[in-house]
Amino acid sequence: MEIEFYPLDIDYDNNSVIKLIGTTKDGKKACVYDDSFRPYFWIFNDDVDKIKDKISKISNDIENIYVTNVEVHNKNYLNKEVKALKVFYNNPRGLRFILDELNDFGIEKKEIDINFAKRYLIDKNITMMTLTKIDGEVINDENFDYCIKGIVKQESQEFYDNPKVLAVDIEVYGSAGGEDKVKNDPILMIGLLSKDIKKVITWKKFKAQDYVEFVNSEAEMIEKFIEIVKNYKPDIIIGYNSDSFDFPYIKARAEKYGIKLNLGSDNSNLRFTPGLQNNVKINGIIHLDLLKFIRKIMAANLQLDSYSLDSVAKELLQQGKKEVEIDIVEAWDNIKDLEKFSEYNLHDVELTLEIFDKIFPIMVEIVKLTNMPLFDISRISYGQLVESYLIKRAGDFNEILPNKPMHEDISERRLATYQGAFVMEPKIGFYNDVAFFDFRSLYPSIIVAKNIYPGNLNSNKEGYETPEITDENGNKKIYYFNTKREGFIPEVVRDLIIRRNRIKEIMKTEDNVTLKARSYALKTIANSTYGMYGFFGARYYSKECASSITAFGRQYIKDAIKKAEEEDFLVIYSDTDSLSVTLGNKTKKDALNFLKKINIELPSLMELELEGFYPRGIFVSKKGETQGAKKKYALIDENGKIKITGFETIRKDWSIIVREVQLKVIEMILKEGKHENALDYVRKIIKEIKDKKIDLKKMVIKEQLKMPLESYKQIGPHVAVARRMKLLGMDTSPGTNIYFIVSNEPGIIRDKARIPSECNDYDANYYIENQIMPSVEKIFEVFGITKDQVLIQEQSKLGDF
DNA sequence: GAGATTGTCGTACC
DNA sequence: ACAGGTACGACAATCTC
């Protein structure tokens, strides 16, 4: 029998049988077995014939492990041609035994740490969720509409565009965290949303919208949830923090009632994948925890206040969560406001589904680029992302990959550091007509231009020469990279850049979600490659390469600064790959000509671009010093849009009042081109703070706990408050945001810090001296206004009238 | 024991 | 442990006399 299906999930057994579960075009569930593929690894040996026979005979009858085949290949390894043996074996779990047997030969083994299922997808060039064929014999399995054993083939590129996606979100009793929470606090509601389902299940009756379904108990609610999933057969289940909260919670509560959480399409129970992270796996269904992908891949390009569903929705959808002030305990106990509560629950799944729609195209592009399953992609880190892509591309270049480092190597590598980028001390001032230039993808283009690859390091001092590099011991070094043969990684990065440039070219004439996502994915992989060289856990870790890239980077940006100065531009600031100048008597056209001139001399793919023109900009000094503060400036563009970098107003760990006031001050100064009104405004606010006219909510300061509470050597205000919270049974696990207000209590600041709910006054002096003043002082100083002048009371000004 | 210095911590920039 | 280094600034902890 022959069928076509979209594979969703992949697994394998101890006999090297690959199992794919997927959906057919008409929505039927298919389970497919392919036993045509065997695990393998590589070994290097010049004396191939001598050892080939011996290796072929390795076997262990008791454990059913044996080498099935050995082939000889000519391969590349770190830019050297090598004779390599490809050793196939029967059982993916037999690797350890075979490697131990090979120890006697003292030979190098490679690609021993690549997951069998992923190896299968790459070698067979199968992209998950893409139309796939199988022709084979039918096997009986009542869980599936089709179950076939045969050889899988993918000839189509038709992606499964319209999968059934089900969003899930639970609401639980109680507000505090604590260890016994799961034991004591029941789930109250389960919200479910897809294109076909809109439902909130709950177990107390109240007047509600018709999407609310009532059952008689929590246990019934969980059973109902399982029934809905099993009937609907979604392709993808999504949640927000569902790896760590919703599913572990549902699992624990189900266990309490002895309910089997057999959500898998093969009727298997939901499970946690082995390893450090809580990854909730449901066989045959792709479970995605959107929070993971946002935190690991998207966050760097988003302006998030926190990773809460609310702030992510605000950023991605320009729409926050519904403001609901319901005390869950009170509402549930007294059957009050439960209708609102159910609306809130539904709204959460709505946001989850909408966020999914936004980020899914990016995940899809990464799935296509790497051949990794969506389940893995949604939980991938930058390091793994680059590595997955390199594993995929290695085959195209006949390249064998280095192994992941051993534990000993990691601890050694972790201590190693190297010099990074150049940051220029800004020239303090309030400027007119600022032009901002930056290099397009500086580090990736250096990797390509200078052929930076571990295998290209030249010991005989020939090739591309790095600037002098000083290591952490003060030793000076120069590295040389082979100019003759392009390395595997430079070639891959070149390809990434060219492909992205091509897409950007197309995007000029058509706006398209897929192209945008592809461009994002290509850029992310290219930009992470430099980081991978410096990452201790990477296969291609190379401090030499990482430090060479930054050294070339410093050289290129310093050279650009020099050339700008030679053209009589006043360079006011530079960080890593950017520089800003004031135009002075020059025109925008002069600036563009300067770019043209400089770009002629740069290697191909490397380009200095105009980031923007800004009619006004301000660069301030460091606190308590006369030097300019790096990474701290504000600009206004020609449309009046303000771009703020590094200032307190964009930092999450300052009080709301400071962030508000500083933002307003910067806006007024940049828009008006003078400081007088801003000064009046600040004086007014200071008076209001003194007079206690400011809402206590605006005095809240937020800081995150980064470690377990016990690990802190220094007990700062947020740690002190977290300790108080712990006594109240609240959640204080790492990652928790701690909110506090500095009260009028005596002592040092941590003694004064209070949980907002147990605080009804603020220390005006603290908020003026330690919050408002530090944030505006340096701005006014640029205009020659001292701190004391800012603090002069309003009355004296009134006297002028 | 007050004032200066150093260390810890969180967050941001690129 | 799951990309890198550079930088600012608050506050506590420690040193210094």
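All values reported here derive from a predicted model rather than from experimental measurement. Chain letters run A, B, ... following the sequence lines, proteins first, then strands; residues in each count from 1. Quick note: numbers below take in every heavy atom, side chains included, and nothing from hydrogens, waters or symmetry partners.
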Residue-phosphate contact under 4.0 Å: [X] side-chain N/O, [N] OP1/OP2:
X	N	value
A/R750	C/dA13	yes
A/H718	B/dG10	yes
A/K632	C/dG9	yes
A/K631	C/dA7	no
A/T550	C/dG5	no
A/K623	C/dA10	yes
A/K404	C/dC2	no
A/R651	B/dG10	no
A/N770	C/dC11	yes
A/Y712	C/dA13	no

Let me know the distance between [atom1] of [X] and [atom2] of [N], rounded to the nearest Å.
X	N	atom1	atom2	answer
A/D653	B/dT8	CG	C1'	14 Å
A/Q662	B/dA12	CD	P	13 Å
A/L304	B/dT11	CG	C1'	14 Å
A/F422	B/dC13	CZ	C1'	15 Å
A/Y418	C/dA3	OH	P	13 Å
A/K702	B/dG10	NZ	C1'	12 Å
A/R414	C/dA3	CZ	P	12 Å
A/I748	C/dA13	CD1	C1'	10 Å

Carboxylate-amine/guanidinium contact [X] [Y], below 4.0 Å:
X	Y	value
A/K778	A/E781	yes
A/E745	A/K752	no
A/R539	A/E387	yes

Would you call the rings of A/Y762 and A/Y767 parallel, tilted or perpendicular, taking 30° and 60° as the class edges? perpendicular

Of all the choices, [options], which nucleotide is nearest to the side chain of [X] once you look at every atom?
X	options	answer
A/F535	C/dA7, B/dC9, C/dG4	C/dG4
A/K622	C/dA1, C/dG9, B/dT8	C/dG9
A/P774	C/dA10, C/dG4, B/dC14	C/dA10
A/E648	C/dG9, B/dC13, C/dA12	C/dG9
A/K652	C/dA10, C/dA7, B/dA12	B/dA12

Give [X] one of three labels, base, sugar-phosphate or nothing, depending on what nucleic acid heavy atoms sit under 4.0 Å from its own.
X	value
A/I549	nothing
A/A546	nothing
A/G531	base
A/E387	nothing
A/Y541	nothing
A/I715	sugar-phosphate
A/F439	nothing

Taking the P atom in each of C/dA7 and C/dA3, what is the distance between them to the nearest angstrom? 23 Å

State whether A/F436 and A/K643 meet the cation-pi test: NZ (Lys) or CZ (Arg) under 6.0 Å from the six-membered ring centroid, and within 45° of the perpendicular axis.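 Yes, cation above the ring, under 6.0 Å and within 45°.
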
Can you check side-chain hydrogen bond (donor to acceptor under 3.5 Å, both in side chains) on A/N301 and A/Y520, steps first, answer last? CA-CA 10 Å; A/N301 299 304; A/Y520 188 99; 2.9 Å; yes

For the pair A/N371 and A/K118, evaluate side-chain hydrogen bond (donor to acceptor under 3.5 Å, both in side chains) and give the outcome as yes or no after the intermediate values. CA-CA 8 Å; A/N371 283 41; A/K118 293 173 183 169; over 6 Å; no

For the base of B/dG10, is there a side-chain donor-acceptor partner from A/E703 under 3.5 Å away?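 Not at all, since no donor on one side and acceptor on the other fall under 3.5 Å apart.
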
Which comes earlier along DNA chain C counting from the 5' end, the contact point of A/S528 or that of A/M424, where each point is its nearest nucleotide? A/S528

